[in-house]
Amino acid sequence: MKNAFWMAAAALLALAACNKNSKPDTPPVDFSQYKLRVEPVITRVTETNFESGDAIGLSVAKPSGDYAANVKLAYDGTAFSGDLNWYEEGEVTSTLKAYYPYKEGDGLPTSFTVQHDQSKGTAASDFVSAVKENVLPSANAVPVVFKHRLSRLVTTVKNNTGADIESIVFEEFVPQAHIAADLTATVVDGAKWQPLTPFFKDDKYYLIVPAQTVKPVVKVTAGGKTLTQQLTEVSLEPGKQYSLSMVVNKEEIKVVLAGEIENWNDGGEIGGGGTSFTENLEEGYFTYDGVKYNVVKMKDGKWWMAQNLAYLPEGCTPATDLTAVTAGIFAPIQVNAGQTAAEFTTDPAVVTRNGYLYQAEVALGLKVGDLMSVADAQKLEAAQGICPKGWHIPTLQDIKGLVGKCAGETTNADAPYYSNGDGLIKLLNADGFNMEAVGAVSIQDNTKTSGSFMGFLSAYKDRLSSGMFCGSTYAGVTYNTSGDEASGVKNLQFYGLMPMTNKASEDLYTCNGTKVSYRIAAPVRCVRNVN
């Protein structure tokens, strides 16, 4: 799903109670005056988004116990809402659990059965759910990622019978699923299978079933004659879509399960939960979304990417315009042919070498404009973001543990790549880190309407001589009116890396930690989680 639904800027005055730096005389905000609203991020019921009138069930659990259980919220085209208001305590976090389609009851569902006849549509059989932890009350809608919990078959049919296909029926599938406390679904073992009829749309047949291992049987009726074909055993996984190609002849049908064709549950969300990923640490690389990246275990004991990320979520096009200040992703830059300035490039060789440039919100798995408070920024430390599963955007601890020095922080002189006052690129690269300065797109804050190229200096015109890398630890904030949180965020900063090659000797090239404004577009190096 390429479409996600996110609120634009909203009032931040109500968030003042959430900020640790609130003035002592600021009265606490009673959040019970605000409706609890949920913004869905999903590929779901139709092929584009939720529809007005769709209803979810929502439960809210505070540390002290349940605040709400299976409350019905309806979709208005932007968010889900109903009669449920927030609790009043602005600093108390909660866990939200939501699911579709809504089912009346005193609590979350423990079972779900797909419709046996899905010929009129699959929406009522498409169980999706979401769990979001550490949520604070807010005047804004809460963005929540919903995921498909069942499996979907998509069948294409070549009809050689000369007659219309009257029906297609699938047998051997168990339609019942058990719903766990985390709202994931597993097929009910030992339950009886039922004949299931798919939904026909745009020359394809769609069927949703619980994930299971099964030898399906397909029955096709055409010209008054029914033909039957059994498939080989297949193991369906939750949230995955599978394609079948069927040829119907007068005396037989042939069915081929082509295999998984896409990750159905997230449909293109910034962060990549279903993107293909395999690790080969012993051989020093991983493969992510079909691209091979070198990785290296450094003397800090952690695995790091040894090259910059060049991941593009489906449907994204890197910007090549400095006025595209909310593009989220930019093409890499290089020194122009005349060696007089930096310029964008879409040369595949440069993309492979330097990666793309990401604004912090996108690098951290969000959309540009989502971050509107310090509290939200603080929650993103060690976020997976657009890194593969099991890896994360570097934290301040990762940075100081690697190079020792970071602006505004106490130096870690014991860091393995720190020497004589700086983290040194020479030491990093001797161990295979392959760090170099590749520039950035500098956008000072969210009031700017144009950016500028960072990294080119006329004294070193043969190369980009500086740059910044994205990080995930909150580093600072400025407001539209200095010191006044209620005036709204103007800029947020995260700790990142800053390579500098503006020296005559490579022995003096440095790579230290720095504060990176969240609208700056910079490369990404992911770090593997410590198991």
Side-chain angles (χ1 to χ4, degrees), residues 1 4-5 38-51 53-59 69-75 80 95-132 144-154 170 173-199 201 205-214 216 234-242 260 262-267 269 273-274:
M1 169 59 52
F5 303 91
V38 172
E39 276 189 278
V41 182
I42 189 166
T43 305
R44 209 226 22 90
V45 181
T46 65
E47 292 307 302
T48 53
N49 54 275
F50 282 102
E51 299 173 339
D54 282 344
I56 61 171
L58 178 72
S59 292
N70 199 32
V71 175
K72 183 179 181 179
L73 302 183
Y75 190 60
F80 287 96
T95 297
L96 306 187
K97 294 183 178 181
Y99 72 93
Y100 172 92
Y102 172 74
K103 180 180 180 181
E104 290 187 3
D106 295 332
L108 295 172
T110 58
S111 64
F112 181 79
T113 300
V114 302
Q115 291 187 330
H116 297 172
D117 184 355
Q118 298 177 24
S119 61
K120 295 182 179 180
T122 59
S125 298
D126 188 4
F127 185 82
V128 298
S129 65
V131 177
K132 187 165 186 175
V144 175
V145 177
F146 285 79
K147 296 184 178 181
H148 296 278
R149 300 303 185 182
L150 306 182
S151 303
R152 183 165 77 163
L153 302 180
V154 180
F170 289 84
F173 285 109
V174 173
Q176 294 92 12
H178 169 72
I179 307 301
D182 62 357
L183 295 178
T184 55
T186 54
V187 69
V188 175
D189 289 335
K192 184 179 179 181
W193 67 264
Q194 297 290 336
L196 304 178
T197 304
F199 171 56
K201 179 182 178 182
Y205 293 84
Y206 297 87
L207 184 72
I208 294 178
V209 296
Q212 56 193 281
T213 298
V214 62
V234 59
S235 294
L236 306 179
E237 297 181 29
K240 296 294 178 71
Q241 176 172 288
Y242 299 82
E260 167 192 337
E262 64 178 284
N263 188 318
W264 183 38
N265 54 356
D266 291 334
E269 174 200 358

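Scope of the values below: all heavy atoms of this structure, side chains included, with no hydrogens, waters or symmetry mates. The residues of the chain are indexed from 1 along the displayed sequence.
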Checking K72 now: which residues fulfil side-chain contact (heavy atoms from CB on, under 4.5 Å) with it, not counting sequence neighbours? A55, Y102
Heavy-atom check, side chain of V234 versus side chain of V214, under 4.5 Å: yes
Please find the pair of heavy atoms, one from E104 and one from N70, that lie closest to each other, and give the distance. C-ND2, 4.0 Å
Using side-chain heavy atoms (C-beta onward) and a distance below 4.5 Å, is Y206 in contact with K201? yes
For residues 175-190, tabulate all N or O donor-acceptor pairs below 3.5 Å that involve a side-chain atom, not counting sequence neighbours.
residue : atom : partner : partner atom : Å
H178    : ND1  : T110    : O            : 3.3
D182    : OD1  : T184    : N            : 3.2
D182    : OD1  : T184    : OG1          : 2.6

Give the minimum heavy-atom separation between S129 and R149, together with the two atoms involved. OG-NE, 2.7 Å
Quick one: does F173's side chain get under 4.5 Å of W193's, heavy atoms only? no
Separation between CG of L196 and CD1 of I208, rounded to the nearest 0.5 Å: 11.5 Å
Which value, rounded to the nearest 0.5 Å, describes the distance between T213 atom OG1 and E237 atom CD? 9.5 Å
Quick check for you: to the nearest 0.5 Å, what is the distance between L153 atom CG and L207 atom CG? 5.5 Å
So how far is it from F199 CZ to R152 CZ, rounded to the nearest 0.5 Å? 10.5 Å
Closest heavy-atom pair and its distance - L58, A98: CD1-CB, 3.9 Å
Rounded to the nearest 0.5 Å, what separation is found between the NZ atom of K132 and the CZ atom of F146? 11.0 Å
How would you list, by chain and number, every residue that makes a side-chain contact (heavy atoms from CB on, under 4.5 Å) with S111, sequence neighbours excluded? K103
Look at the rings of F127 and Y99 and say which category their plane angle falls in: under 30° parallel, 30 to 60° tilted, over 60° perpendicular. parallel
Assign the ring pair F80 / F50 to parallel, tilted or perpendicular, where the plane angle (0 to 90°) is split at 30° and 60°. perpendicular
CG of D126 to CG of L150: how many Å apart, nearest 0.5 Å? 7.0 Å
